[in-house]
Amino acid sequence: MSLLVEYFRKFGINLNDGEETFNSFVVDPRKFQSNLIKFIQKSADNPKWEKNYETIWQNLESYLDDEKNFAISLLPSKNVANQPTHSSNQDSLLKILLEIADLQSDLFDYLISKCLNYLETNDNNSDVHILGLEINIPWYIDLKAEYLYI
């Protein structure tokens, strides 16, 4: 199990295990964000913030380099049974991560690079087939970019 999977489970999300087409939250997505922010944000209470950020970013990048993980991270997540949430529409992992200011710049650069790569290398309009789903990667990335704090 990767370090990112362990950390994210601790923060409140179970990342896809390759069997499902979704990630699942065990806490409200805003609580997951808060837990991750506390871990990576620069503060007097967090002297290891820089090392923590590098660990999360390197492992996240490695995790997203897997095409299946990347595509599933673009799709809506689910809550475990009876878990209250801030809305009935569940956000994708990448949308939630893009709302974290500390991750935004690196994640945006990564997504633009990924989008350009799909447009350059795929003959089928950048559609990817994952676990029976057809996913247009650039279209989903474009949807996530509207949440940037610019």
Side-chain angles (χ1 to χ4, degrees), residues 1-118 128-133 135-150:
M1 178 173 8
S2 83
L3 189 57
L4 183 76
V5 171
E6 289 178 37
Y7 275 125
F8 277 21
R9 182 173 290 143
K10 178 179 151 187
F11 299 149
I13 187 172
N14 294 323
L15 296 177
N16 177 290
D17 60 6
E19 304 279 327
E20 303 288 345
T21 58
F22 56 86
N23 295 308
S24 58
F25 284 96
V26 293
V27 298
D28 185 277
R30 301 305 163 234
K31 179 67 176 164
F32 164 77
Q33 276 181 326
S34 174
N35 292 339
L36 180 55
I37 288 168
K38 286 177 191 170
F39 187 71
I40 64 172
Q41 193 171 50
K42 183 178 184 176
S43 75
D45 296 336
N46 189 7
K48 292 180 163 183
W49 73 270
E50 194 169 19
K51 183 178 188 292
N52 292 347
Y53 179 85
E54 289 173 16
T55 298
I56 291 295
W57 177 248
Q58 290 170 354
N59 283 278
L60 179 61
E61 191 173 23
S62 176
Y63 178 82
L64 294 174
D65 282 343
D66 178 275
E67 187 174 56
K68 186 187 301 184
N69 292 339
F70 180 72
I72 291 170
S73 294
L74 287 166
L75 297 174
S77 299
K78 294 191 177 184
N79 286 329
V80 294
N82 300 327
Q83 175 61 42
T85 181
H86 68 286
S87 73
S88 58
N89 297 327
Q90 195 61 286
D91 299 329
S92 73
L93 175 62
L94 285 174
K95 179 199 176 289
I96 290 166
L97 294 175
L98 278 170
E99 292 175 349
I100 298 173
D102 293 323
L103 285 174
Q104 210 172 67
S105 179
D106 286 335
L107 188 53
F108 181 72
D109 289 347
Y110 179 86
L111 291 174
I112 292 299
S113 172
K114 198 83 161 167
C115 185
L116 291 173
N117 182 49
Y118 276 103
V128 178
H129 300 279
I130 304 285
L131 297 170
L133 297 175
I135 301 168
N136 184 285
I137 298 294
W139 183 79
Y140 273 93
I141 291 173
D142 183 54
L143 287 178
K144 304 311 166 222
E146 71 183 72
Y147 298 102
L148 292 173
Y149 299 123
I150 298 177

Rounded to the nearest 0.5 Å, how far apart are [atom1] of [X] and [atom2] of [Y]?
X      : Y     : atom1 : atom2 : value
Phe25  : Phe32 : CZ    : CZ    : 6.0 Å
Lys68  : Asn16 : NZ    : CG    : 7.0 Å
Asp106 : Gln58 : CG    : CD    : 10.5 Å
Glu99  : Ile37 : CD    : CD1   : 9.5 Å
Asp28  : Asn79 : CG    : CG    : 7.0 Å
Trp49  : Ile40 : CH2   : CD1   : 9.5 Å

Do [X] and [Y] make a side-chain contact, defined as non-hydrogen atoms from C-beta onward lying under 4.5 Å apart?
X      : Y      : result
Ser73  : Leu94  : yes
Arg30  : Asp91  : yes
Val27  : Phe11  : no
Leu107 : Trp57  : yes
Leu111 : Phe108 : no

Original post:
So, Asp65 and Tyr110: side-chain donor and acceptor under 3.5 Å apart, yes or no?
Top reply: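 Yes.
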
Original post:
Name the one of Asp102, Leu97, Ile13, Ile96 that satisfies side chain to side chain contact (heavy atoms under 4.5 Å, CB included) with Leu36?
Top reply: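 The side chain to side chain contact (heavy atoms under 4.5 Å, CB included) with Leu36 is passed solely by Leu97 among Asp102, Leu97, Ile13, Ile96.
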
Original post:
Run the side chain to side chain contact (heavy atoms under 4.5 Å, CB included) check on Leu15 and Asn69 step by step: do they pass?
Top reply: CA-CA 9 Å; Leu15 296 177; Asn69 292 339; over 6 Å; no

Original post:
Ser77 and Asn23: side chain to side chain contact (heavy atoms under 4.5 Å, CB included), yes or no, with the steps?
Top reply: CA-CA 5 Å; Ser77 299; Asn23 295 308; 4.0 Å; yes

Show the nearest heavy-atom pair for residues [X] and [Y], with the distance to one decimal.
X      : Y      : answer
Asn46  : Gln41  : ND2-O, 3.2 Å
Lys114 : Leu64  : NZ-O, 3.4 Å
Leu98  : Gln104 : O-NE2, 2.6 Å

**OP:** Could you please spell out the steps behind the side chain to side chain contact (heavy atoms under 4.5 Å, CB included) verdict for Asn59 and Phe8?
**Re:** CA-CA 11 Å; Asn59 283 278; Phe8 277 21; over 6 Å; no

Original post:
Is the backbone N or O of Asp109 less than 3.5 Å from a side-chain atom of Ser113, with the two atoms forming a donor-acceptor pair by type?
Top reply: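 No: the side chain of Ser113 does not pair with the backbone of Asp109.
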
